Structure formats: C-alpha cells, structure tokens
Number of protein chains: 2
Amino acid sequence: MTISTDTKDKLLDAAQLMIQTRGYNAFSYADLAKIVKIRKPSIHYHYPAKVDLGIAVTRRYRDNFLHCLTEIDKLQSSWLDKLYDYANLYKEVLSVNRICLCAALATDIHTLPRKLQTEIRSFFNDNVDWLTSLIPNKRKETARMIISTLQGGMILAKSHNEIDWFTAIVQELIAKLSPTANGHTYK
Amino acid sequence: MTISTDTKDKLLDAAQLMIQTRGYNAFSYADLAKIVKIRKPSIHYHYPAKVDLGIAVTRRYRDNFLHCLTEIDKLQSSWLDKLYDYANLYKEVLSVNRICLCAALATDIHTLPRKLQTEIRSFFNDNVDWLTSLIPNKRKETARMIISTLQGGMILAKSHNEIDWFTAIVQELIAKLSPTANGHTYK
DNA sequence: GTCTATAGGTGGATAGAC
DNA sequence: GTCTATCCACCTATAGAC
C-alpha cells in the first residue's frame, strides 16, 4: 500500500481531541485545519461531511477500546484486578484532560445523525457486555452502574480540573463492590 | 411590581430545555424565538448575550435544586430514605427526557465563559456538601462517587432511551451503600 | 418590550485549478 | 491531495422605529 493515510490519521486525532475536550458541536473544520496545518476544504477530500469524520473517530475509538479489553482478558489476574485495569483505561483518558469520547457525544446525542447515535450506543453496549462477564454476579445492571460511576466521575473530575477526585471515586466504587478489598492500592 | 417577567421566564424555560436535551453549543436564539414566539432580537432585550442567559438558567436551576434539598432535610426519615428522595430528583429530570443541566454544561465546560464555569462547579460543590452531611461516613469522596453514578447513569439511560436503566442503577448503588437495604423498593 | 432591518462573522460544503 | 475562491445558510449582536 503506497497511499499515505497520514493526513487522515492526523484529522482523526485532531477531531477526537476536540470532541473529548470541547464537544461535537463546538468544533469546526477551521479548528482542524489549524491543528493539522492544511486548508479547510482539503479536509473534505478525506471526510466529505463532518458526520463522516464523527463516525470514523467513534469507530476507531471503539476498536481501540475493545482491543484494550482483550488485552486485559489475557492477564492471569482476579476479576478485581481486571476491574482496576479497566478503570485505568478511563484514568489514562482523564490524565490528558479529556473525558470519554462517547460520553462527550452521548450528552449531545439528539443533535447527531442516526448512524453516529448507533455507533455511540454500541460502544456502551460492548462495555456493558464485557463488564457483565467480568463481575461475579454477571448482572448487566451492576455493569451499567460501574460504567455510570466511571463516566460520571470523569465528567466531575475534569470539569473541576481535579483529576485526583477520579482516583478516589474509583476507590470508593471498588470498596463497595468488594468490601474485603480494602488492602488494594489504586493509584 | 408591575413589570411582567413572563417572557424572561419563558426564555429561561426554553433555554434550559435546549441545554438539557441538545447542549449549550447546539441551540441558538432562533430556536428560542420559535419556542417563545417572539422575534430573535427581542431576546437580547432580556438577555443581552447568550452567556447572560446561560448564567441565569444555571443559577435558577441551582436555586431550585437547593430548595429541593432543604425540603428533603425537613423530612423525618432515615438517611437512606433521603438518598432515595435525592435520586428521585434526578429521575424526575430523566423522566421528561433530559439530563442534569450541569452535567450537560460540564462536558462542554472549556467552551464556556469563566463566570458560567464557576456557576456549574458551585452546583456540584453544593451537592457534594449536602450529600456529605447526609451519609454516615461523612466523606466527600463517597459523596462524589454517588453523584458520579447518578450523573453517569442519566447520560447512559437517556442516550439509549432506556429510562428504566437509571432505576436499576440507583438500586445497585444503594444496595452497595447499604447491603442490608435489600428490602427497600425503589420505583 | 417587541419589532424590522441589517451588520459582521463563521458554519459546512462545492467547483475547479494545479 | 491540496489549494484558492466562493456559496449560502446560520450565528450573535446592534440600531433605531413603533
């Protein structure tokens, strides 16, 4: 393959950054042009409409996330340790001053085209399914509660510029999920 | 006082609706003009800039919420019952297909003027303080965890149009906070 | 307090040269 | 693949009549 996809990737990176830090409706092709250092109309060559870009970003984000989940699956550790690893995926996002891409999109979901809405819901459903099979009670309701806490925790922590709050929230959550896990240290 | 504040209130209602369902950056004065049935420039008479409207909406929302908290305080019930009442405040918002105004604003917080950012953080801080004094362990970290779960739960439930998910998430949360509370029925 | 008219800017998107 | 030039719709906001 000799076709360079470099600009395409840079555009995805820039769009993802903007959505995670400012929201889908608060960035424009002009913003991306400035970041990637090409002119505005050139973006349309790679992604004809803003929706196309939104869908591509979300699909890549979901694929990356799913790949991380399979990596956690390979580990020989307890479900609780894997839950820590899972929470750390979120923490890595927060540590670069972003919230989850799909949480950022979810708050504005009714302003988005249907195809993108579907992609967002798939991300959450994938995560619910993975967590459901991880936890001892195998209940989707518990999995949804865990995801809600992590997503809400990111929004709270980021909006106050207090990343450490998230760490404490995760610790609270895990303590409640496994009252005997107090010996664990989550950093 | 003979000055009618009717239009002012209608504008606040309309702006609040738009922010909670579509986000701050996805609505315009044209949208409000259509809802309130006046012309676009008339809105500027009441709220010169969009920011002024945003601040007024957030302040009113916060005041209303705080008033509800003092109403809960007056009740002669257990902290757990009061926590149910608190969760029900969120559920009422969700039942009309909205998320929390301040969660909707918080995801886009870095696109907003500083004065509005402060107002949003105050809402969360008020809630953390109230919850901290409600719960037995009196820890802000636990209070933040509870708020995160409720806010994240609303976003998850609303983005999937599955309001019942929120009810289940609250039940999971309360079960973890008080393992002996299984007899409670939360609807 | 609400209106018409309009300014000045930016949004996403297209045409066509190179 | 990237550019210049340009379109039209929409944005927030102002001026000034009624």
Side-chain angles (χ1 to χ4, degrees), chain A residues 1-19 21-58 104-105 108-117 119, chain B residues 1-19 21-58 104-105 108-117 119:
Chain A
M1 196 83 78
T2 54
I3 301 166
S4 169
T5 57
D6 203 34
T7 303
K8 257 179 123 79
D9 285 341
K10 282 184 194 165
L11 285 169
L12 288 181
D13 292 342
Q16 186 178 328
L17 170 68
M18 294 302 284
I19 296 171
T21 55
R22 304 178 62 81
Y24 184 84
N25 293 304
F27 86 94
S28 70
Y29 272 31
D31 296 320
L32 304 185
K34 200 174 285 181
I35 297 173
V36 180
K37 283 168 185 139
I38 56 174
R39 298 287 172 179
K40 232 191 343 163
S42 307
I43 303 173
H44 289 278
Y45 171 80
H46 301 284
Y47 301 99
K50 196 181 175 183
V51 198
D52 302 315
L53 184 50
I55 291 170
V57 167
T58 310
L105 291 169
D108 301 351
I109 197 161
H110 289 301
T111 70
L112 306 174
R114 200 158 295 273
K115 215 174 167 184
L116 187 44
Q117 293 182 8
E119 206 66 39
Chain B
M1 195 82 80
T2 54
I3 301 165
S4 168
T5 58
D6 202 34
T7 303
K8 258 179 125 78
D9 286 340
K10 282 184 193 166
L11 285 170
L12 289 180
D13 292 342
Q16 185 177 329
L17 170 68
M18 294 302 284
I19 295 171
T21 54
R22 304 178 62 83
Y24 184 83
N25 293 303
F27 85 94
S28 69
Y29 272 31
D31 296 320
L32 304 186
K34 200 174 285 181
I35 295 172
V36 180
K37 283 170 186 139
I38 57 173
R39 297 288 171 179
K40 242 198 318 173
S42 307
I43 302 173
H44 290 277
Y45 171 80
H46 301 283
Y47 301 98
K50 196 181 174 182
V51 198
D52 303 314
L53 184 50
I55 292 170
V57 167
T58 309
L105 291 169
D108 300 351
I109 196 161
H110 290 299
T111 70
L112 306 175
R114 199 158 297 272
K115 214 173 167 185
L116 188 44
Q117 292 182 10
E119 205 66 40

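All values derive from a computational prediction rather than experimental measurement.
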- Partners passing side chain to side chain donor-acceptor pair (under 3.5 Å) against B/Ser42 (at least two apart in sequence or in another chain): none
- Message: So, taking the atom named CG in A/Leu32 and the one named OH in A/Tyr47, what distance separates them when rounded to the nearest 0.5 Å?
- Response: 10.5 Å
Integer-rounded Å distance: [N] [atom2] and [X] [atom1]:
X       : N      : atom1 : atom2 : value
B/Lys8  : C/dT2  : NZ    : C1'   : 14 Å
A/Leu32 : D/dT2  : CG    : C1'   : 16 Å
A/Asn25 : D/dT12 : CG    : P     : 12 Å
A/His46 : D/dT2  : NE2   : C1'   : 8 Å
B/Ile43 : D/dT14 : CD1   : P     : 14 Å

Please determine if a side-chain N or O atom of [X] lies less than 4.0 Å away from the OP1 or OP2 oxygen of [N].
X       : N     : result
B/Tyr45 : C/dG1 : yes
A/Ser42 : D/dG1 : no
A/Thr7  : D/dT2 : yes

- Does A/Lys50 make a cation-pi contact with A/Tyr24, if we ask for NZ or CZ under 6.0 Å from the ring centre and within 45° of the axis? yes
- Main-chain N/O of B/Ile55 paired with B/Glu119 side-chain donor or acceptor, under 3.5 Å: no
- Query: Between the main-chain N or O of A/Ala49 and the side-chain N or O of A/Asp52, is there a donor-acceptor pair closer than 3.5 Å?
  - Reply: yes
Within the sub-3.5 Å range, which N or O atoms of nucleotides 12-15 of chain C have a protein N or O partner, and how far apart are they?
unit_1, atom_1, unit_2, atom_2, d
C/dG12, OP1, A/Phe27, O, 3.4
C/dG12, OP1, A/Lys50, NZ, 3.4
C/dG12, OP2, A/Tyr29, N, 2.9
C/dA13, OP2, A/Lys50, N, 2.8
C/dA13, N7, A/His44, NE2, 3.1

- Message: Heavy atoms from C-beta onward define the side chain here; which of C/dT4, D/dG1, D/dC3 lies closest to that of B/Arg39?
- Response: C/dT4
- Item | With B/Asp9 via salt bridge (Lys or Arg N to Asp or Glu O under 4.0 Å) - residues at least two apart | none
